[in-house]
Amino acid sequence: MKTWARASNEKLRYDAPVVSRYYLETFGCQMNVHDSDRMGEVLRAHGWTAVDSAEDAELVVFNTCSVREKAEQKLRSEVGKLAPLKAARPDLVIAVAGCVAQQEGEKLLKRVAHIDIVVGPDNILELPKLVQEQLAGAPPRARTEFDLVETSFLSASPEAGRTPASAMVTTMKGCDERCSFCIVPYTRGPERYRPAAEIVNEVAKWVSSGAQEVLLLGQTVDSYRDESLPPPESDNPDESQFPSLLRVIAESVPGLKRLRYTSPHPRHATASLARAHAEVGILAHHIHLPVQSGSNRVLKRMIRRYTREEFVIRARRLLAAQPDMTMSTDIIVGFPGETDEDFEATLSLIREVGFTALFGFKYSPRPYTPALHLVDDVPESVKAQRLARLFETIELQGAAHLQGLIGRQEWVLFEGASKTDKNVGGLRRFQGRTLRNEIVHVQIPSEYDLTNVMALATIARANKHSLEGELEGDRMETLPRRMRTSRSLPLVRQT
Ligand code: SAH
Ligand code: F3S
């Protein structure tokens with residue numbers, strides 16, 4: 001067990017030149033991927049260099065997720081695996097960031113002896129200083145304070161050669177919804193909105209450094225408010241200024257080719273949002289609109305603030321905004337008290353709305369959430385059966401949708417080499433997305449590089465969850481030649 005005195009003495013003797021290499025691993029959602037990108041920028045600005053393994057690093061950062069218990073367990077096991085490395089190299093600094101950090105704070109330091117730093121999502125800027133303090137022998141520290149008074153948003157610093165095809169831009173922090181199952185309002189704090197001018201500037205910065213698409217991020221991204229924008233269309237509290245934000249971005253940054261956002265809350269999926277989808281040309285023809293359940297009884301206990309019928313109206317209105325609009329969703333199975341009948345209602349909603357994809361989760365009781373007071377009474381085996389049936393249902397619908405695209409031509413924004421790219425036989429596989437968000441793979445001669453290229457592909461085949469496309473032969477010559485090894489897509493642990 002590490003004691004303060006021992007750790008401190010060892011570290012005070014540390015006077016060799018500091019080699020500053022960090023290894024950063026990300027768990028969880030896109031918000032975490034975004035935060036990790038900013039963390040990397042902050043560290044690099046302080047002289048740190050990224051490496052691919054903990055063994056090669058002087059600093060290891062885990063950016064964590066606590067939305068479900070499984071995600072949290074994964075973090076514990078990954079940190080646990082570092083115990084021998086830390087024993088062999090006591091100067092290795094181990095930092096835990098993200099939602100588990102925010103949730104556990106100091107307790108995490110006590111519980112896991114070899115963690116040196118715990119840093120919450122609003123304290124990322126302090127990371128280099130905290131690490132320096134550790135290297136100088138300070139005791140382990142936790143910094144998990146929300147910036148409620150002077151809210152600031154870490155702005156992105158696009159770096160030459162690192163600009164992704166699709167850049168993430170935060171529009172807000174936190175969540176005021178307090179769905180009864182969700183820990184996010186606790187780990188990310190109350191809603192705070194980023195000024196529209198700052199958002200537009202960051203979008204413009206990404207576009208001028210080469211990004212073609214922007215993904216706006218927020219826990220309830222469509223609740224957005226900013227006094228500088230035209231007022232909401234009505235006094236209806238569901239109405240927000242998010243549709244205005246979308247319009248302002250499209251008008252102010254003409255070079256932007258595509259605009260997406262995640263995740264909207266169905267409450268704010270109003271007629272004015274649907275109108276924005278009909279009128280703003282760069283908006284994706286896809287929305288991820290989490291519904292969670294198709295049963296009114298369960299929706300009420302989840303405190304989702306809409307009924308199934310209201311959801312259907314809102315979803316249909318959005319789906320009607322463009323002829324080929326698609327929708328995906330999130331579903332929780334086995335919420336306390338969910339009966340077979342409730343679950344059947346969820347399956348029927350999936351068919352009724354015609355979702356083309358979904359993320360399905362077994363209900364996981366989380367600390368500090370109101371649903372903890374409800375008995376987690378759906379047995380694990382029933383949760384597993386329901387999840388399997390959920391996936392069967394969506395796979396049928398998703399596969400039929402993908403099959404229907406065969407033969408069509410689609411503009412694909414290629415993000416980089418596919419995860420399955422092996423660079424064999426002089427061919428490489430690249431991966432991109434259509435305007436509707438379907439994943440498309442193509443195989444091309446390895447002298448070409450499709451990273452951050454928007455190209456017209458003909459859909460040749462459909463896999464279970466993705467498409468295989470072909471690029472027109474006579475267009476190949478217009479593609480960039482490979483100057484450097486294409487980056488693979490960043491590694492994110494699915495939780
Ligand atoms: N509004 C957020 C939602 C964050 S949580 C967003 O931007 O995506 C992501 C999804 O995790 C939720 O939509 C929900 O389906 C699932 N989830 C959240 N808490 C959960 C819990 N306690 N058990 C199971 N799934 C949960
Ligand atoms: Fe969680 Fe509901 Fe907010 S799912 S993030 S509390 S909208």
Side-chain angles (χ1 to χ4, degrees), residues 27-35 64-73 98-100 102-103 121 168-192 215-224 238 240 242 260-269 287-294 298-306 311 327-338 343 346 349-350 355 357-374 376-378 380 383-384 386-387 390-391 394 492 494-495:
F27 301 80
C29 67
Q30 277 148 318
M31 192 71 83
N32 264 11
V33 176
H34 169 273
D35 288 353
T64 62
C65 171
S66 64
V67 81
R68 285 166 294 277
E69 199 184 358
K70 215 167 116 196
E72 207 178 311
Q73 282 163 356
C99 289
V100 177
Q102 188 67 40
Q103 177 195 316
M168 290 180 270
V169 172
T170 359
T171 57
M172 64 174 294
K173 307 188 196 197
C175 180
D176 288 346
E177 283 297 323
R178 302 194 169 262
C179 304
S180 63
F181 52 81
C182 186
I183 197 171
V184 169
Y186 186 83
T187 58
R188 295 274 170 168
E191 285 179 17
R192 285 146 292 162
L215 173 66
L216 302 177
L217 289 181
Q219 299 296 346
T220 55
V221 72
D222 56 349
S223 69
Y224 185 78
D238 290 351
S240 78
F242 187 63
R260 300 183 189 278
Y261 56 86
T262 197
S263 284
H265 188 286
R267 205 151 80 75
H268 304 287
I287 291 196
H288 181 72
L289 192 63
V291 64
Q292 314 299 355
S293 168
V298 176
L299 286 172
K300 196 158 189 190
R301 286 155 72 92
M302 287 178 162
I303 320 187
R304 288 293 289 180
R305 301 172 214 271
Y306 51 82
F311 181 88
M327 189 173 280
S328 53
T329 197
D330 288 348
I331 299 283
I332 296 178
V333 298
F335 187 75
E338 186 189 67
F343 177 64
T346 296
L349 180 75
I350 289 166
F355 295 113
L358 62 75
F359 294 103
F361 311 102
K362 291 185 224 168
Y363 169 70
S364 165
R366 303 311 295 130
Y368 317 108
T369 57
L372 262 193
H373 300 294
L374 306 171
D376 180 18
D377 56 356
V378 180
E380 180 58 29
K383 283 183 186 165
R386 288 184 186 164
L387 198 63
L390 183 75
F391 290 147
I394 195 65
V492 180
Q494 287 303 318
T495 49

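Fair warning: this is a prediction, and the values are worked out from it, not measured in the lab. Numbering of ligands and ligand atoms starts at 1, following listing order.
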Exercise for review: Apply side chain to side chain donor-acceptor pair (under 3.5 Å) to T170 and H34, showing your working.
Suggested key: CA-CA 8 Å; T170 359; H34 169 273; 3.2 Å; yes
Practice item. Start with the C-alpha gap between Y368 and Q103, add the side-chain angles, then the distance that decides, and say whether side-chain contact (heavy atoms from CB on, under 4.5 Å) holds. Key: CA-CA 9 Å; Y368 317 108; Q103 177 195 316; 3.8 Å; yes
Pairs under 3.5 Å, N/O atoms on ligand 1 and on the protein: can you put them in a table with the distances?
from, atom 1, to, atom 2, distance (Å)
ligand 1, 1 (N), Q219, O, 2.6
ligand 1, 7 (O), Q219, OE1, 3.4
ligand 1, 7 (O), S263, OG, 3.3
ligand 1, 8 (O), S263, OG, 3.0
ligand 1, 11 (O), R68, NH1, 2.9
ligand 1, 13 (O), Q292, NE2, 2.8
ligand 1, 13 (O), D330, OD2, 2.6
ligand 1, 15 (O), Q292, OE1, 2.7
ligand 1, 22 (N), F181, O, 3.0
ligand 1, 22 (N), S364, O, 2.8
ligand 1, 23 (N), S364, N, 3.0

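- Taking 4.5 Å as the limit, every side-chain heavy atom of R366 sits out of range of all side-chain heavy atoms of V67.
- Using a 4.0 Å cut-off between charged nitrogen and carboxylate oxygen, K383 and D376 count as a salt-bridge pair.
- The side chain to side chain donor-acceptor pair (under 3.5 Å) with S223 is formed by just one residue from the set E191, E177, H265; it is E191.
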Review point. Passes side-chain contact (heavy atoms from CB on, under 4.5 Å), T346 versus R386? Steps please.
Key: CA-CA 10 Å; T346 296; R386 288 184 186 164; over 6 Å; no
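- Residues passing the side-chain contact (heavy atoms from CB on, under 4.5 Å) test with A371 are S180, F335, Y363, L374, sequence neighbours excluded.
- Protein N/O/S atoms closer than 2.8 Å to atom 2 (Fe) of ligand 2, listed by chain and residue number, are C179 SG.
- Residues that satisfy the side-chain contact (heavy atoms from CB on, under 4.5 Å) test with D330, not counting sequence neighbours, are H288, P290, Q292, F359, F361.
- I303 places none of its side-chain heavy atoms less than 4.5 Å from the side chain of F181.
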